[in-house]
Amino acid sequence: MTDENVEIRDEVVLQVRDLRKLFEIKRSFKEVLARRPILYVKAVDGISFDIRKGEILGLVGESGCGKTTTGRLVTRLETPTSGHIYFHGVDVAKLQGKALKAFRRHVQMIFQDPYESLNPRFTVMQTVMEPLLIHGIGDTYDEKLEMVIQALEDAELKPAEEYLDRFPHELSGGQRQRVAIARALVLKPQFIVADEPVSMLDVSIRSGVMNLMLDLREKYHLPYIFITHDIAVARYMSDRMAVMYLGKIVEIGESDNVVFNPSHPYTRALITAVPVPDPDHKHGRVQIKGELPSPINLPPGCRFHPRCPYMEKGICDVKEPELVEVAEGHMVACHFARKLYEEGFSPSEGAEEATQA
Amino acid sequence: MAAPLLELENLIVHFKTHRGWVHAVDNVSFTIGKGQTLGLVGESGCGKTTTAFSILQILPYNAHVKGGDVRLKGRSILRDSVKEDGTIDPFNENIRKVRWKEISMIFQGAMNAFNPVYKVGDQIAEAIRVHYPDMSEQEIWKRIEELYDLVGIPKDRIMNYPHEYSGGMKQRAIIAMALALNPSLIIADEPTTALDVITQDRILGEMKRIQEETKTAMLLITHDVSVVAELSDKMAVMYAGQIVEMGTTRQIFKETAHPYTEALLGAFPSIKGDKKKRLKAIPGSPPDLISPPRGCRFHPRCPYARERCLEDEPELIKVGDGHYSRCHYTEELFGAGQGGGA
Ligand SMILES: Nc1ncnc2c1ncn2[C@@H]1O[C@H](COP(=O)(O)OP(=O)(O)OP(=O)(O)O)[C@@H](O)[C@H]1O
Ligand SMILES: Nc1ncnc2c1ncn2[C@@H]1O[C@H](COP(=O)(O)OP(=O)(O)OP(=O)(O)O)[C@@H](O)[C@H]1O
Ligand code: SF4
Ligand SMILES: [Mg+2]
Ligand SMILES: [Mg+2]
């Protein structure tokens, strides 16, 4: 990122405010008769963040913490229960019909499984051209074809002509994910959500796809939300990182600040748990207790308190912590955030201290 | 010198398909000593699971053993089971005596292998009963309690159904099952791949402790080099059915001697170090094992490939003490095991 890009990068593309999504749990007929109350999964429970032009925000957390739901909400594949999504200042949270379709043209989602996200009966050309037809973009066939070829080349499927007539089964996993990326790019979106786009790929092709996504950001100043459960991947890909736990953002900040001075106990556990590809690295074991609670019956107070090694009775199990700013742009939702931030963190020290406890 | 616990010698296993022979395991040799852990790494489809299945002789019907041998404590457990056409008689006495009792396995994706209608404890008890019909019920249940202690599940959960266990607990129970008959070797095929990092970290910690307490040897199969870095003494890197580099875990990481290993290690982003450094991408994708590339199988993707690599198949060359690399130019590129590499 060079200096002349600073101005462009400061432009806020997306502002999410207090976004919520509850899913109703279906009751069986018997349960309805027995008057079981309606229960909800709080998949996304009041989150806020901004994304600027050309910025990549990494969204990390364990399975079920609400990452995909967040992605589906901001691309409006899902309608939020409450909250706001400002796209260039306009709230799109409740859009419907034509207005919704117009918005969707500008935001695209790339999914985890390149095998499932492509229609097996469509050639590469049909797959990439489909969004143009849906949105009525390009006057002539030739013009559309031109856009398809450009998108394929941007996704580094070169020469594009060689791929146009192939079906998904004639492509490798990495090539399929590149087709999915080309399909997202062809509409010249202003914003992309990539949901675990490399998790299903083999290691040797993974880095190529990650580098491609970084190159596209450089080339088009395209902002992304990059969803992953792998904090090392998130650090590599993103400028800022948000850590989610049971529907809430518990820590957000510049990626290296979050990784080198994680100040939420949960982020610390995630970082301690990452296996390091170095036989000399001695890291301790995570000391958080128990399993992820159900998002239906969230614990009172801090939702992390039943597993937290820093938990204090009477505080953590009573009052829900707000996000507080521990350093510029670095926010943490823990009652002891400032103290933990001041103390600093080293993964191996953290483990020793916890072992004694 | 006593024979090593497990020895694979030039093992060749191919699958017969209508498109042709799949060269899944081609000339694979390695040894695992008593109490040792060997990490076998490589990408999807390179032949890791086939290697494991060949050791236990639980191969699919279209698998043919085309050469080589597998020995346990110096005695062949394979030769007598191979039929004339290369297929295997899985009921041969030599393998039946040792399968599960001496060598057990944690299967890839095994977490979902428990039968949902039986209690977990009953399923483990049944596995013990089958192999030790003389063992009393009391002894069996005592053993199960020991096993639960060993893998860190509270004993009051023995009589739960599988769905009452979390993912991490199921994986622990699977490990308990693999340990049930007190084997000298466990084959663990991607034991933590389906788990999230925090659970993975706990299971890896548990496995490390079990290694130390029981001195059980392990063949650890994974595509994740960091898991191997944590648990293994030795390492073998597999590419397209062949071992391309083998040595101690330190040698592989610190004195890397094969271009594929170098690329594989360079492909993982790290939580440490400089973030701005771009990851190395390996061009192309893994080859079709029905017609693997001539010469060096890695040559179409290798940044150092030269003319000779296109025609000449490299042998495993010794580059250091117990350190081997299958590359014509290993010494020139990486030095002779003298701290070359990454
Ligand atoms: N359509 C739905 N109906 C009911 N519950 C849902 C629905 N979609 C998601 N959930 C629930 O919402 C929670 C968050 O799910 P989500 O898919 O967003 O998580 P995630 O962080 O993407 O997880 P993963 O890493 O496994 O993909 C989970 O408890 C999930 O079961
Ligand atoms: N029964 C079979 N018939 C034909 N080919 C097979 C059969 N089983 C496996 N193969 C092929 O043999 C090769 C090796 O497969 P194997 O399962 O051993 O790979 P792996 O290294 O364990 O991969 P993964 O990491 O995906 O588990 C692959 O190319 C696979 O497609
Ligand atoms: S608020 Fe309390 S329970 Fe929650 S993370 Fe902080 S210390 Fe732990
Ligand atoms: Mg998801
Ligand atoms: Mg396998």
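No experiment lies behind these values; they were computed from the predicted model shown. Residue numbering restarts at 1 for every chain, and letters A, B, ... go by the order of the sequence lines. Side-chain atoms are counted along with the backbone in the values below, which use heavy atoms only and exclude waters and symmetry mates.
Taking chain A as the reference chain and counting heavy-atom pairs below 4.5 Å, the highest number among A281(B), S232(B), G45(B) is found for A281(B). Put simply, of I271(B), V197(B), T199(B), I282(B), the one with the most heavy-atom pairs under 4.5 Å next to chain A is I271(B).
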Any chance you could lay out the side chain to side chain contact (heavy atoms under 4.5 Å, CB included) test for Q200(B) and V286(A), step after step, and finish with the verdict? CA-CA 10 Å; Q200(B) 161 168 297; V286(A) 174; over 6 Å; no
Would you check, one step at a time, whether the test side chain to side chain contact (heavy atoms under 4.5 Å, CB included) holds for V276(A) with E230(B)? CA-CA 8 Å; V276(A) 174; E230(B) 277 207 30; over 6 Å; no
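Residues P269(B) and Y236(A) share a closest heavy-atom pair of CB-CB, 3.7 Å. Of all heavy-atom pairs between D202(A) and P286(B), the closest is OD2-CG, 4.3 Å. Nearest heavy atoms, F253(B) versus P277(A): CE2-O, 3.3 Å. Nearest approach of P275(A) to S226(B), heavy atoms of both residues: O-CB, 3.5 Å. Closest heavy-atom contact between S204(A) and R301(B): OG-NH2, 2.8 Å. Residues V203(A) and L264(B) share a closest heavy-atom pair of CG2-CD1, 3.5 Å.
Applying the salt bridge (Lys or Arg N to Asp or Glu O under 4.0 Å) criterion to R235(A), with sequence neighbours excluded, gives D256(A).
Side-chain contact between F268(B) and D230(A) is absent, with no heavy atoms from C-beta onward closer than 4.5 Å.
Contacts of M237(A) with chain B are absent, with no heavy-atom separation under 4.5 Å from either backbone or side chain. Using a 4.5 Å cut-off between heavy atoms, K272(B) touches chain A through backbone and side chain atoms alike. Neither the backbone nor the side chain of L231(B) has a heavy atom closer than 4.5 Å to any heavy atom of chain A. With a 4.5 Å cut-off on non-hydrogen atoms, P283(B) does not touch chain A at all. Contacts between V259(A) and chain B at a heavy-atom distance below 4.5 Å involve the side chain alone, from C-beta outward. The contact between I198(B) and chain A is made by backbone and side chain atoms together, counting heavy-atom distances below 4.5 Å.
Heavy-atom proximity under 4.5 angstrom to chain A picks out S166(B), M169(B) from residues 161-174 of chain B.
Atoms CG and OG, on L279(B) and S207(A) in that order, are 5.5 Å from each other to the nearest 0.5 Å. Atom CG of residue L195(B) and atom CD of residue E62(A) lie 11.0 Å apart, to the nearest 0.5 angstrom. With values rounded to the nearest 0.5 angstrom, R278(B) atom CZ is found 4.5 Å from N211(A) atom CG.
Few gaps surround CG on D280(A); more than 12 heavy atoms of other groups in view lie less than 6.0 Å from it.
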